[in-house]
Amino acid sequence: MSEAQKTAGRQDAGPSTVTGVDRFFRITERGSTFGREIRGGFATFFTMAYILVLNPLILGSAKDKFGEQLDPVQLTTATALVAAVMTVIMGVGGNLPLALAAGLGLNAVVAFQLAPLMSWDDAMGLIVLEGLLICVLVVTGLREAVMHAIPQPLKQAISVGIGLFIALIGFVDAGFVTRIPDAANTTVPVQLGSTGTLAGWPMLVFCVGVLLTIGLLARKVRGAILISIVAMTVVALVINALADVKTWGLTTPEWPDRIVDTPDFGLLGQFSLFGAFGQVGVVTVVLLVFTLVLSDFFDTMGTVVGVSAEAGLLDEDGKVPRLGKVLLIDGAAAVAGGAASASSATSYIESAAGVGEGARTGFANLVTGSLFGLALFLTPLLTIVPLQAAAPALVAVGFLMMTQVRHIEWDRYEIAIPAFLTIAVMPFTYSITNGIGAGFLAYVLIKTVLGRAKEVHWLLWGTSALFLVYFAIDPIEQLLGV
């Protein structure tokens, strides 16, 4: 932020007494006020509070290898707890208006990629390992090597692919798209609704919810996703009370006996650090952890730089203040998320909403974190949201992540083909790992064919070799007789 901007900010803020809190968070120095920080903290919370519904929805709707499901109430508690604690820590330690919570996309990896291969405890143990690895990368300075190893277009393609994957999950969870059983002898694998048409009150709730969400997003209404979830939940409650609905699926919208309840911390500490190695083997574990690190690490970098730039906090060289601490706290958030069975927690781009309200320091995080803490006691209210009211948010998030596609140079085949495969393979195989692997292998192959193999970073060569083993594991095992 320039000196002129700071001066203007101080004049706008008016006279104030510089307190210890003010000095610690540098509120006046950054041209802000306590009022702006408080408003910013509220704005950030209300634009990302949807995660209290979506994280339990995504994790709670999946089963692990042994058919076990996580309890939605416990998931809501764990999600709120991790968001509250890590957001406050980021505010105090990083002094940025950057809130953290369970990452969308990352929780999809846990639910639909990790859990089917192992137990929930093992899956959450991999999240802890991922967070620890990120912390090691930050402490050793290897983050620069990791950042430069993956070409920017592939990073963008990964975000787009995850967005399409999340949108597909939303359509499937709502029943808008269903799988056609093989016994039907049909020519397509999926269809519209359960019979080829849309029917039933729950489906109406979903369709109206999608229209409402995209309408609010188009008008750039702050908190559009949360507003849609709340509005359609109210509609679902009314419909359920007046109409004869056979089933809503996982969650029936019924007003709870009480709104406030004691938090259920039953999922805390339910993780196995090395259990996954015995379930799927070392190679698969390495690939899965790499996928988690890749998604978490680069999403965080983009978010941190974007929010800091919006707040005018980048220095003359375009660097983020206290970047080392910020990345370390983000890595610790991943560890905390895994340890609490809430999936990996990461920095949220929705923090830009708080910046838009004037937040410039970590004091805003104290407000946001406190509101997440309050949500711990409101789990009965948060767990009445049916899939059909929450799933439109997944479609909307898919769209927001899809916007990264405009940065990919589609007229350069050495970039466009790997990006396309990354984007397409994720939703079509229901696997984020498969998409990343297909993109990496295609990139290395095309660079080699073009005689430009030296342009490929050694880390990408090593990772691609692992993915080659990953895709060919069955014939390799047969060849080796294992």
Side-chain angles (χ1 to χ4, degrees), residues 1-49 51-52 79-102 222-223 226 300 303-315 319-333 336 345-376:
M1 181 182 291
S2 67
E3 193 60 37
Q5 287 176 307
K6 291 180 180 179
T7 303
R10 294 191 191 100
Q11 291 174 346
D12 182 58
S16 62
T17 302
V18 178
T19 65
V21 175
D22 189 322
R23 285 193 298 270
F24 180 84
F25 287 104
R26 301 168 66 184
I27 295 175
T28 300
E29 180 182 338
R30 293 185 178 179
S32 185
T33 66
F34 282 105
R36 291 181 184 177
E37 297 299 313
I38 292 171
R39 289 198 305 273
F42 270 90
T44 295
F45 173 78
F46 283 114
T47 53
M48 63 183 286
I51 194 60
L52 296 173
T79 303
L81 177 65
V82 173
V85 173
M86 296 312 303
T87 295
V88 170
I89 291 176
M90 179 65 81
V92 175
N95 197 24
L96 287 179
L98 191 68
L100 299 93
R222 286 173 180 165
L226 181 63
T300 296
T303 299
V304 170
V305 173
V307 171
S308 299
E310 183 72 17
L313 298 178
L314 298 179
D315 63 18
K319 295 181 180 180
V320 178
R322 302 189 185 184
L323 179 60
K325 286 186 178 179
V326 170
L327 292 178
L328 189 61
I329 293 170
D330 191 87
T346 187
S347 304
Y348 262 58
I349 192 64
E350 284 84 352
S351 302
V355 171
E357 290 292 335
R360 294 293 181 272
T361 76
F363 187 82
N365 276 29
L366 303 188
V367 178
T368 304
S370 298
L371 291 172
F372 273 116
L374 179 63
L376 282 169

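Taking each heavy atom of Val82 and Ala345 in turn, the nearest pair found is CG1-CB, 3.7 Å. Annotation for Gly41 and Leu371: closest pair O-CD1, 4.4 Å, computed over non-hydrogen atoms.
Every residue two or more places apart in sequence or in another chain was checked for a side-chain hydrogen bond (donor to acceptor under 3.5 Å, both in side chains) with Thr44, and none qualifies. Residues that satisfy the side-chain hydrogen bond (donor to acceptor under 3.5 Å, both in side chains) test with Ser351, not counting sequence neighbours, are absent from this structure. With sequence neighbours excluded, the residues satisfying side-chain contact (heavy atoms from CB on, under 4.5 Å) with Phe46 are Phe42, Leu226. Thr361 is linked by a side-chain hydrogen bond (donor to acceptor under 3.5 Å, both in side chains) to Glu37, counting only residues two or more places apart in sequence or in another chain. For Leu328, the side-chain contact (heavy atoms from CB on, under 4.5 Å) test picks out Cys135, Val138, Val139, with sequence neighbours left out.
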(message) Using the rule given for side-chain contact (heavy atoms from CB on, under 4.5 Å), can you reason through Val367 versus Phe45, listing the C-alpha separation, both sets of side-chain angles and the distance that settles it, and then say yes or no?
(response) CA-CA 8 Å; Val367 178; Phe45 173 78; over 6 Å; no
(message) Evaluate Ile38 against Phe363 for side-chain contact (heavy atoms from CB on, under 4.5 Å), listing each step before the verdict.
(response) CA-CA 8 Å; Ile38 292 171; Phe363 187 82; 4.1 Å; yes
Let me have the donor-acceptor pairs involving side chains of residues 84-100, under 3.5 Å, with sequence neighbours excluded, atom names and distances please.
| unit_1 | atom_1 | unit_2 | atom_2 | d |
| --- | --- | --- | --- | --- |
| Thr87 | OG1 | Ala83 | O | 2.6 |
| Thr87 | OG1 | Leu100 | N | 3.1 |
| Thr87 | OG1 | Leu100 | O | 3.1 |
| Asn95 | OD1 | Gly362 | N | 2.9 |
| Asn95 | ND2 | Phe25 | O | 3.1 |

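Here the CZ atom belonging to Arg360 is positioned 10.5 Å from the OG1 atom belonging to Thr33, to the nearest 0.5 angstrom. Atom OG1 in Thr79 sits 10.0 Å away from atom CG in Leu376 (nearest 0.5 Å).
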